[in-house]
Amino acid sequence: HRHLLGIEGLSPLDIEALLDAADEAVEVSRQVEKKKGTLRGRTQINLFFEPSTRTQASFELAGKRLGADVMNMAVASSSVKKGETLVDTAATLNAMHPDIIVVRHHSAGAVHLLARKVDCAVVNAGDGAHEHPTQALLDALTIRRNKGRIQGLTVAICGDILHSRVARSNMILLAALGAKVRLVAPSTLLPAGIEGLGFPCFTDMRRGIEGADIVMMLRLQRERMHGSFVPSVKEYFRYHGLDAEKLSHAAPDALVMHPGPMNRGVEIASDIADGSQSLIKEQVEMGVAVRMAVLEALASHLPNG
Ligand code: CP
């Protein structure tokens with residue numbers, strides 16, 4: 001593949017190969033000397049039109065650990081603020097001959113559009129409510145390292161599914177690798193027609209996470225709820241926030257995940273986020289490894305790569 005625009009379009013074999021490579025990158029990242037030279041001489045631009053802590057930092061570290069020259073475009077102080085369009089911004093950056101552009105954008109499909117306008121490899125770091133493929137890959141890596149497999153596990157994805165690119169990419173990836181995915185959300189935060197995709201849907205959280213091996217919580221994305229129903233925080237936490245009592249309905253050895261950033265006391269209780277069943281910090285570590293694996297895979301398709 002020349003780009004990584006989504007999990008959609010990857011085969012189970014593609015996904016497993018990336019997870020195997022990421023497992024090796026974990027070892028590199030844990031060494032005192034963390035550098036490999038696979039991307040030496042290559043230029044990587046991180047172009048983030050939306051805020052990010054984890055994704056941008058880990059793509060920067062991943063590129064640097066592979067020896068690339070990494071440039072973070074400060075969109076807030078760029079000519080985007082003077083009205084330059086996405087297509088013109090892409091053409092401008094393309095003229096500087098980057099090898100890889102990592103893009104986050106608030107509109108679904110914007111990253112695909114940009115990929116058609118540039119000559120280099122493009123990685124989707126999150127586009128609207130569409131896809132966040134490296135998040136799904138790092139979640140899968142975290143699950144595989146802790147449970148030894150993905151096939152046959154019951155994974156409950158809980159919360160604001162309507163606005164979540166993380167949920168979408170995870171649904172596609174986990175189903176492709178044979179997990180049993182359930183969706184758990186208030187009916188106002190389930191996309192219309194989602195039942196047609198074949199995933200069991202629950203509005204009652206205790207029933208939805210009953211016996212689950214993995215409870216994956218999502219952030220309540222209030223910034224995307226323009227004019228639509230915005231639940232009260234107190235009510236949301238009571239019915240859809242993960243606390244010890246609700247988690248007791250999952251499998252006894254269930255593990256808890258959250259892509260971050262977390263709203264403590266909204267979708268997840270602090271003691272659960274920091275508790276012994278939480279994989280949240282490990283997800284962050286796996287983020288660097290997965291992004292190294294993705295950048296290396298794309299580099300092998302670059303000219304003279
Ligand atoms: N999980 C995730 O994408 O986090 P950031 O928005 O901080 O990158």
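Numbering of ligands and ligand atoms starts at 1, following listing order. Residues take their numbers from the sequence shown, with the count starting at 1. A quick note: this is a predicted structure, and the numbers were derived from the prediction, not measured.
The heavy-atom pair separating Ala156 from Ile209 by the smallest distance is CB-CG2, 3.9 Å.
A salt bridge is absent between Arg65 and Glu27; no separation between the charged side-chain nitrogens and carboxylate oxygens falls under 4.0 Å. Remark: Arg145 engages Asp23 in a salt bridge, criterion side-chain N to carboxylate O under 4.0 Å.
Those atoms of ligand 1 that come under 4.0 Å of a heavy atom in Thr55, given as number and element, are 2 (C), 3 (O), 4 (O), 5 (P), 8 (O). Close approach to Thr53 involves these atoms of ligand 1, each under 4.0 Å from a residue heavy atom: 5 (P), 7 (O), 8 (O).
When non-hydrogen atoms are compared, ligand 1 lies under 4.0 Å from neither the backbone nor the side chain of Glu50. Looking at Arg104 against ligand 1, only its side chain comes within 4.0 Å, counting heavy atoms.
Judged by distance alone, the side chains of Glu267 and His258 do bring a donor and an acceptor atom under 3.5 Å apart.
Under a 4.0 Å heavy-atom criterion, Gly126 is not in contact with ligand 1.
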Quiz item: How far apart are the C-alpha atoms of His240 and Lys246, what are their side-chain angles, what is the distance that settles it, and do they pass the side-chain contact (heavy atoms from CB on, under 4.5 Å) test?
Solution: CA-CA 9 Å; His240 292 277; Lys246 291 196 197 79; over 6 Å; no
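Inclusion of His132 in the set of residues having an N or O under 3.5 Å from an N or O of ligand 1 is warranted. By the 3.5 Å distance cut-off applied to N or O atoms, Pro261 is not counted among the residues near ligand 1.
Taking the six-membered ring for Trp, His3 and His112 have ring centres at least 6.0 Å apart.
Atom 4 (O) of ligand 1 has Arg54 NE, 3.0 Å as its closest protein atom, hydrogens excluded (heavy atom only).
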